[in-house]
Amino acid sequence: MGKLILSQDNIAVSKAQPVDVREIYHVACSVGQSKKVATKGFLMDDYKSDPKFYQAKLLQDILELKYFYVARFKPNNKIIGFFIINTKEEWLKNNEGWMEEVYWSPKFDVSKTDDFIFVDKTAVYAPFTARGIGSVLFSVVIADAKKEGVSYLLSETIIGPEPNFASLSFGIKQNYKVVGMRYETYKVKDFATLVYHKEI
Ligand SMILES: CC(C)(COP(=O)(O)OP(=O)(O)OC[C@H]1O[C@@H](n2cnc3c(N)ncnc32)[C@H](O)[C@@H]1OP(=O)(O)O)[C@@H](O)C(=O)NCCC(=O)NCCS
């Protein structure tokens, strides 16, 4: 039998609430581990290494960020995915100098970053990836941002040292356009990332 593909009918997307922290953390742990597997995708942090710290950080994000969404599997109401999105102000406040760090494509019109949302962390419970859950979350994020008058979306995917193939595939599915590159040192490790743009 083929893999069950989930759709809007059996997934409910809503804004994350403080009470959701433990379940969100559980999802984060499933894809954010010390071992990064390129084919499966990964979050940069190792969430199990410091449960208190990461749960506090997630709670802070739930309380502070405008766009933090969770997806629930309707039959049992369990959280199976989350998207942490930043407004332009939130992103640049926490990532000062980011605009200047990006090597923008000479073909990209940088005025198309006047107003954007930034897709920061996306995660689906590891056994359930590649079944459409991320796409359902994404469509709700886009619809809400559009209602608020936001025109553009930016995001990043790690391509080195280990490329994140799940994230690259998701970018292709969502028609993201590669508009730049960035090099970053995070916790003493060097990374190369693709910078994506999309008109929403
Ligand atoms: C990235 C992620 C949030 C996307 O959510 P998702 O529910 O898997 O997304 P979808 O199923 O809607 O779309 C993924 C597409 O990529 C394809 N894909 C290819 N390899 C994949 C892989 N290893 N994992 C997931 N999807 C993969 C899927 O088949 C699908 O395309 P298709 O529907 O045309 O076949 C999810 O895969 C995930 O949590 N990955 C681990 C964490 C991660 O890498 N996050 C991104 C970095 S912030």
Side-chain angles (χ1 to χ4, degrees), residues 2-14 16 20 23-49 54 57-58 61 65 67-74 78-86 90-91 94-95 98 102 116-143 153-178 180-182 184 186-187 189 191-198 200:
K3 190 166 61 170
L4 176 68
I5 297 293
L6 299 169
S7 70
Q8 227 124 14
D9 298 338
N10 39 29
I11 302 169
V13 176
S14 58
D20 297 332
E23 281 188 58
I24 293 169
Y25 174 72
H26 183 61
V27 172
C29 286
S30 77
V31 287
Q33 300 170 354
S34 56
K35 191 170 162 31
K36 312 293 180 202
V37 184
T39 50
K40 290 195 173 155
F42 51 83
L43 295 178
M44 277 169 100
D45 289 302
D46 174 10
Y47 283 81
K48 279 188 188 148
S49 67
Y54 285 110
K57 176 76 182 95
L58 287 166
D61 284 348
L65 300 180
Y67 302 101
F68 188 147
Y69 292 84
V70 292
R72 287 190 159 77
F73 184 50
K74 280 187 189 171
K78 287 269 180 240
I79 292 175
I80 49 175
F82 67 86
F83 271 29
I84 301 180
I85 313 290
N86 287 199
E90 289 164 350
W91 179 250
N94 295 324
N95 298 274
W98 183 86
V102 177
F116 62 79
I117 51 166
F118 193 96
V119 181
D120 184 9
K121 292 183 180 66
T122 59
V124 165
Y125 183 53
F128 295 165
T129 55
R131 291 170 191 234
I133 299 164
S135 294
V136 174
L137 266 158
F138 188 77
S139 63
V140 174
V141 170
I142 298 292
L153 172 154
L154 289 172
S155 189
E156 285 185 323
T157 288
I158 294 176
I159 53 167
E162 300 99 346
N164 185 335
F165 289 123
S167 184
L168 287 167
S169 303
F170 188 70
I172 293 168
K173 188 171 175 181
Q174 307 306 339
N175 287 316
Y176 285 174
K177 200 170 150 196
V178 177
M181 289 264 333
R182 191 170 74 92
E184 169 183 23
Y186 184 71
K187 294 185 178 169
K189 215 173 157 187
F191 294 93
T193 67
L194 286 185
V195 177
Y196 289 123
H197 183 266
K198 183 179 166 72
I200 60 175

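Note that the structure is a prediction, hence the values are computed from the model and not measured. Whatever order the structure lists ligands and atoms in, that order sets their numbers, starting from 1. Starting from 1, each residue takes its place in the sequence as its number.
- Between Phe138 and Phe83, the ring planes are perpendicular. Angles over 60° get that label, and only those under 30° would be called parallel.
- For Glu162 and Lys35, the salt-bridge test fails: no basic side-chain N is under 4.0 Å from an acidic carboxylate O.
- Pocket lining of ligand 1, defined as residues with a non-hydrogen atom under 4.0 Å away: Val31, Thr39, Lys40, Gly41, Phe42, Leu43, Asp120, Thr122, Ala123, Val124, Thr129, Ala130, Arg131, Gly132, Ile133, Gly134, Ser135, Asn164, Ala166, Ser167, Ser169, Phe170, Lys173.
- The aromatic rings of Tyr125 and Phe128 stand perpendicular to each other, their planes meeting at an angle above 60°, with 30° marking the opposite boundary.
- Aromatic ring centroids of Trp98 and Phe118 lie under 6.0 Å apart.
- Classified by interplanar angle (parallel below 30°, tilted 30° to 60°, perpendicular above 60°), the ring pair Tyr47/Tyr54 is tilted.
- In this structure, Arg72 and Asp20 have side chains that are in contact, with non-hydrogen atoms separated by less than 4.5 Å.
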